[in-house]
Amino acid sequence: MRHWLARQRYLVDFTLAALLRRKGRNLMLLFIYTLVIFILASVIFFGSALRHEAKAVLKGAPEVTVQNLVMGRHAMAPPEWVEKLKKVRGARRIEGRLWGYFYDKANGANYTVMVPSRYDRKNALKDGETIIGAGLARVRDVRRIGHLFLLSPKGKLMKLKVKRILPETSELVSADLVLMSRGDFLRFFDLPENGGYTDIAMQVRNRNEVAKIVEKISKMLPTARVITREDVLRTYENVFSWREGVVLAMLSAALVAFAIFAFDKASGLSAEERREIGILKAVGWETSDILAMKLWEGGLVSLFAFIFGVAAAYAHVFLFDAGVLAPVLKGWSVLYPQFSLTPQVDRLQLATLAFVTVIPFTAATLVPIWKAAITDPDVVMR
Amino acid sequence: MIELKDVSKIYNEGRPNEVRAVTDVTLSIPAGRVTVFKGPSGSGKTTLLTLVGCLARPTEGRILLDGELISSLPERFMTEVRRRTFGFVFQRFNLIRGLSVLENVMIPAYPLGPDYRELKSRAMDLLARLKLDHKAKMKTEYLSGGESQRVAIARALINDPEWIIADEPTANLDSKLALQFLDEVRQLKETGKSIIITSHDDRIVNADVVDMVVEMEDGRIIGIEERNAS
Ligand SMILES: Nc1ncnc2c1ncn2[C@@H]1O[C@H](COP(=O)(O)OP(=O)(O)OP(=O)(O)O)[C@@H](O)[C@H]1O
Ligand SMILES: [Mg+2]
């Protein structure tokens, strides 16, 4: 064992010396390798962070949402609907919601304006007060000013005292959020007192009854569109999976190119390398010593590239808001100019990444070495 | 003692470019002596040397080392025998570029996993003996021809082999360095090493340190001259 360790130490020493000898070539290889890892890891980090966000969105979402459709378009739901829906057995916490989007010309960003739920005591608001998302707070420098000034769509100026800023645990949900009282909301969008609701949310007593309840509502309100949380979940999944799929397809192409590059590097075993293997064999190295040395080489290069690539990807996605990838991966990035993601690491995916890069790379390096290492060492005599 | 019995080496056997490099060689090479293979270019000297030194296997025939058959050992054991028994000084020295003189000398010992300090002091002793200790840290590509050869000799000696094998050792050296090489051969012989050299250099062939000259032509032995009969 001691002997084995000593031998490995010599092999590692030799490998490092060998790597340093061909600095230019190995740095180039390391750079490309790290770049591939960096891009793949960025996609992985980004994807899992977005999924995490989506989950957070859904956790707070009502189980069933009822919208009114007029000519196939989303319209305000009449107030009587709330009363009607209260009669549906199995439904609870039925509540008309008011929310809408607002394009802020000053910052070129979209905000979601919303009246907090009656059941959400923590965020209850009086007229003239607001609670806003962290992203918005950053843009508007609210922490210093303490107030939020909004110009309504009709041009009326509204001054709201910022009561609280939402925590950053999930920015996708809340970054652009502006909560205001019902009165302020109606004034801001210039809506009549009993003009109805954006939609109607409800919880369900027994999850297994969701389908039945949806059916009942559809019968009772023929113009209604009924959306369940499952539907939303599926849509999110589809959007993310699709985008991720596109990127991953592109990257597989990159990966193949990398594999070819690695293989080429490896199989284009230079005369110099071939001669060196011959020398090592001639002076008493076994084939297994040479393979072990090359394994160390592949392993060290891979390890280095992997650690650097992953670390750079982490910084890229979570510290620099995925500047390179964001436009491709999240279609709505325009709406979130100041959007940053909550760090989220999927270990299984990282392990997979290690598996699909390190192993092919090492194999690609090893195969030609193997061929050279099993030939007779008498080449060095020529 | 190394014995060769009806040894032949055919390259690319059965193909159009087949070459009979060595044909039916039977020979005994005594231990503790200096043996020279001489002959014109292409006569098979180097090939015979690779067979003797376990760098390649004969196509036919057997090779015995101290009575033990070594020519048909599995690859691992053959490497083992080579490492334990032979030290090589190649014609083009074959030092590894980019590594220091010291590292080059130590490389043959790496797979044995010796204690580093012990290995290093052994290597430094050898370099001192060959008057190269002051260049231990230098990269080998900056060495002169004579220095390169002495590094190659130090490398050949690091595992303390019984046999030293040198292919055309003076082909790249001027007269002064050739004499110096012969001096080193003499010292090795005095320490009890067995030495085999291929050469068509008369300075070597006629040197008085040589005990036996094997003359080759077209892969066959055409004459054996024994000197310094003891
Ligand atoms: N690996 C090989 N494949 C094919 N033919 C070879 C190989 N090695 C040597 N030969 C041929 O075998 C013959 C003997 O070569 P060898 O190198 O043993 O001669 P040599 O006596 O050492 O010549 P020199 O004095 O020029 O070094 C030559 O014809 C050579 O072309
Ligand atoms: Mg030759």
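This structure is a prediction, so every number in the text was calculated from the model and none was measured.
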* Asked: Do A:L280 and B:I96 have side chains that get closer than 4.5 Å, going by heavy atoms?
  -> yes
Those residues at least two apart in sequence (or on a different chain) that pass side-chain hydrogen bond (donor to acceptor under 3.5 Å, both in side chains) with B:E162 are none
With A:V283 as partner, the option from B:I107, B:N104, B:N94 fulfilling side chain to side chain contact (heavy atoms under 4.5 Å, CB included) is B:I107
dist B:E75:CD -> A:K281:NZ (nearest 0.5 Å) comes out at 4.0 Å
Heavy-atom closest pair (A:G284 atom, B:P111 atom, distance to 0.1 Å) is O-CG, 4.3 Å
Scored by heavy-atom pairs under 4.5 Å with chain A, the best of B:G98, B:A109, B:P108 is B:P108
A:Y10 side-chain N/O to B:P114 backbone N/O, donor-acceptor pair under 3.5 Å: yes
CG (B:L112) and CG (A:D289) are apart, to the nearest 0.5 Å, by 8.5 Å
Applying a strict 4.5 Å limit to non-hydrogen atoms, the region of A:R21 in contact with chain B is side chain
If one checks every heavy atom of B:S100 against chain A at 4.5 Å, the contacting part turns out to be neither
Separation between CZ (B:R155) and CD1 (A:I279), nearest 0.5 Å, reads 6.0 Å
Okay, B:I158 and chain A: the region with an atom under 4.5 Å from a heavy atom over there is neither
Okay, B:F86 and chain A: the region with an atom under 4.5 Å from a heavy atom over there is neither
Minimal heavy-atom distance between B:G113 and A:A6, with the atoms involved, is O-CB, 3.4 Å
Quick one: sort the A:W285 and B:Y110 rings into parallel, tilted or perpendicular, breaks at 30° and 60°. tilted
Of the listed B:E168, B:E103, B:R97, the one with the largest count of heavy-atom pairs under 4.5 Å with chain A is B:R97
- prompt: Is the backbone N or O of A:E286 less than 3.5 Å from a side-chain atom of B:R83, with the two atoms forming a donor-acceptor pair by type?
  reply: no
Cut-off 4.5 Å, heavy atoms of chain B, and the answer for A:T287 is both
